[in-house]
Amino acid sequence: MDATNRTVADSLVAMGELLEIKGEDPFKIRAFYRAAEEIGRLPRSVAGMSTDELMEIRGVGKAIAQKIQEIVRTGTFTELEEVRGTIPSTLIELLDVPGIGPKTVNRLWKKLGILTLDDLERAARGHRIRAIGGFGEKKESDMLQAIQIHRSRSRRMTLLEAEKVIAKITAVMQPGTFAVAGSYRRGKSTIGDIDIVSTEHPQALRQRLLAASDELIDEGERRTSVRVDGQRVDIRFTDKRQCGSMLVYLTGSKNFNIRLREIAIGKGWRINEYGIEEREAGGSREYETEEEMFAALGMSYVHPHQREDRGEIALALRHALPEFLHAAEIRGDLHVHTTMSDGHHTPAQIAEKGAQKGYEYILITDHSASLGIAEGLDTAGLESQRRAIDAVNTDSSCTLLHGVEVDIAADGSLALPNSALSALDLVIASVHGGFRQEPDVMTRRIITAIENEHVDIIGHPTGRMLGERPASAMDMERVIDAAAENGTALEINASPYRLDLDDEQVKNARDQGVKLALGTDAHDIEELQFMRFGVITARRGWCRKEDILNTMTLGELKEWAS
DNA sequence: GCCGTTTTCGGCCCGACTGTTTTCAGTCG
């Protein structure tokens, strides 16, 4: 995201958090969060936008538009600094502790002078919390436990980690009685917790759930929450007749559900997880499937991958949702390593696995020699690899294309000469070091690579490693424009540790007519299965078949590259 | 603070679960 937009969004969120602690009007607070969210996903930089232009952004009115302009100029805004003068900013950290909200933070601060996590821990250990009205012993010990959980906070799961947790918990559930919902079902790149809908009886499932989990967080008649491998799992119990509304509710996203409920209000209805009620008449309807519920709202079915309130609801109401990419349309993998750099398998083994998967082609892209972390190929190495690939291709239903993943140096130059690159079928260029350059330097570095006529695809464009390394700061709008101008594709790196570009960047690139290339970055033939994560990310980025290089036939792909 | 196919004022999604102040506020998703 643009660095300025990040600053603006962060300031607006900080304002919201401080106002919550202050006890301001919840709707005013939500307005700040909503505006921050919209700014965060905006492809354009807000720097330099006029008040009128800013007010065209959803959730931005005159007041916030002026605050945004002030943040662009000064890095903050007057009201935020004023609130900071009355409410210590350190209190925001306390909001992250599970079970502690703004009201609690306010009282802890005013009554006990608690400003930090350490203050809170000392107060709880010293049994000073229970002295305030409204808090008892249980609350005190819960807080101590919550502080521990917060400190050892397990970061958000990758999709692979989420699948391990899901496998563990659903192993004790009866086949056909459950469905996984939540952000996993929507295919988000990282997952905070697991949500499951179950039609079993809570009491019947209780013992099995306990046996499969580390800890019971809480349980009621309709919901049980447990911890598995340090991660929260919520199981929501429902009747088969209400499965549809429960799945919609539990799948989210939150903003998508809010929009659905607003639509229902316009019709005089109320949506909840049990179905749709008529506000006046009091009648209610149940939906066994999601499809029936969408139909009742007068919309086409919205697939979970699109349920983010990014414009899909308006299209569904007009029955104008496009057909998005399907996994079956993928004809090959466009980023795979072999033993000739840091991969574990030979070209022959990769071709065999590709054939098993029904692929028409796989693009072999070993690292270039400059790269310190991996044994890379120089010009001579590429020539010998060409012979190895030709030999495999004489006898394989899956054609190996010869490419390279050439390193983009700090100044944007490439680690192999153009003469070597021109002999290849396709060239990926990627950044593998110096991730923390100044945004403008990084932007120019990538654009320089995009402008090289031999470069076909920019690999993992932001360099992020989920939970490990943030995306490099750069002006993605300029990168996308340059890719569009030069006909260079951007990669959707399908590795569950990367998923780079992310879904929103994919959508922005797609909207500008940039082609996207799906590559697993496999270093082992088992990792070719990561393609499914790339397909999901492409779908979340609203890609249709024609936006994706990998849906081309071998002939079309060669034609595109030449 | 935002917003408008009843509205420029008066709304703003909806419910589960917990602890504790026994009827509900706070937190969470």
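In what follows, every chain begins at residue 1, and chains take the letters A, B, ... in the order their sequences are listed. Bear in mind the structure is a predicted one, so any value in this text is a computation, not a measurement.
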**OP:** Indicate, with a heavy-atom threshold strictly under 4.0 Å, whether A:I265 touches base, sugar-phosphate, or nothing.
**Re:** sugar-phosphate
**OP:** For A:K138, report the nucleic acid contact type (base, sugar-phosphate, nothing); a contact means any heavy atom under 4.0 Å.
**Re:** sugar-phosphate
Original post:
Between A:E140 and A:R232, which is nearer to the 5' end of DNA chain B once each is assigned its nearest nucleotide?
Top reply: A:E140
Original post:
Is a salt bridge present between A:R222 and A:E273, judged by a nitrogen-to-oxygen distance below 4.0 Å?
Top reply: no
**OP:** Describe the nucleic acid contact of A:K267 in one word from base, sugar-phosphate, nothing, applying a heavy-atom distance below 4.0 Å.
**Re:** nothing
**OP:** Kindly say if A:R223 contacts the phosphate of B:dC28, meaning a side-chain N or O under 4.0 Å from OP1 or OP2.
**Re:** no
Original post:
Is A:P26 touching bases, backbone alone, or none of the nucleic acid, heavy atoms closer than 4.0 Å?
Top reply: nothing
Original post:
Would A:D119 and A:R122 pass as an ion pair if we require N to O under 4.0 Å?
Top reply: yes
**OP:** Output the single nucleotide from B:dG19, B:dC14, B:dT27 whose closest atom is nearest the side chain of A:T104.
**Re:** B:dT27
Original post:
Checking all strands, does A:R236 fall into the base, sugar-phosphate, or nothing category for heavy-atom contacts under 4.0 angstrom?
Top reply: sugar-phosphate
Original post:
Contact class for A:L260 vs. all strands (heavy atom < 4.0 Å): base, sugar-phosphate, or nothing?
Top reply: nothing
**OP:** Could you work out which one of B:dT18, B:dC12, B:dA16 sits closest to the side chain of A:F27?
**Re:** B:dC12
Original post:
What is the nucleic acid contact for A:G134, judged by heavy atoms within less than 4.0 Å: base, sugar-phosphate only, or nothing?
Top reply: base
Original post:
Looking across every strand, which nucleic acid part, if any, lies under 4.0 Å from A:F32 by heavy atom: base, sugar-phosphate, or nothing?
Top reply: sugar-phosphate
Subject >> Of A:D195 and A:K254, the one whose closest DNA chain B nucleotide lies more 5' >> reply: A:K254
**OP:** Could you check whether A:S225 gets within reach of a base, just the sugar-phosphate, or nothing at all, counting any heavy atom under 4.0 Å?
**Re:** nothing
Original post:
Within the structure shown, what part of the strands sits under 4.0 Å from A:L250 by heavy-atom distance: base, sugar-phosphate, or nothing?
Top reply: nothing
Original post:
Nearest to the side chain of A:A31 - B:dC2, B:dG15, B:dC12?
Top reply: B:dC2
Original post:
Between B:dC13 and A:N257, is there an OP1 or OP2 to side-chain N/O distance shorter than 4.0 Å?
Top reply: no
Original post:
A:Y274 side chain N/O closer than 4.0 Å to the phosphate oxygens (OP1, OP2) of B:dA16?
Top reply: yes
Original post:
Where the side chain of A:K28 is concerned, which of B:dG29, B:dG1, B:dC14 is the nearest nucleotide?
Top reply: B:dG1
Original post:
Is the shortest distance from a Lys or Arg side-chain nitrogen in A:D234 or A:R232 to a carboxylate oxygen in the other one below 4.0 Å?
Top reply: yes
**OP:** Flag the pair A:E491 and A:R498 as a salt bridge only when some basic side-chain nitrogen lies within less than 4.0 angstrom of an acidic carboxylate oxygen.
**Re:** no
**OP:** Look at A:E504 together with A:K507 and state whether they make a salt bridge at an N to O cut-off of under 4.0 Å.
**Re:** no
Original post:
How is A:R270 classified with respect to the nucleic acid when contacts are heavy atoms under 4.0 Å: base, sugar-phosphate, or nothing?
Top reply: sugar-phosphate
**OP:** Please determine if a side-chain N or O atom of A:K139 lies less than 4.0 Å away from the OP1 or OP2 oxygen of B:dG26.
**Re:** no
Original post:
Which is true for A:V105 with a 4.0 Å heavy-atom rule: it touches a base, it touches only sugar-phosphate, or it touches nothing?
Top reply: nothing
Subject >> Given B:dC12, B:dG29, B:dC2, the nucleotide with the shortest approach to the side chain of A:D25 >> reply: B:dC12
Original post:
Are more than 12 heavy atoms from other residues, nucleotides or ligands located less than 6.0 Å from atom CZ of A:R58?
Top reply: yes
Subject >> Any strand: nucleotide that pairs with B:dC28 via Watson-Crick or wobble, under 3.5 Å >> reply: B:dG15
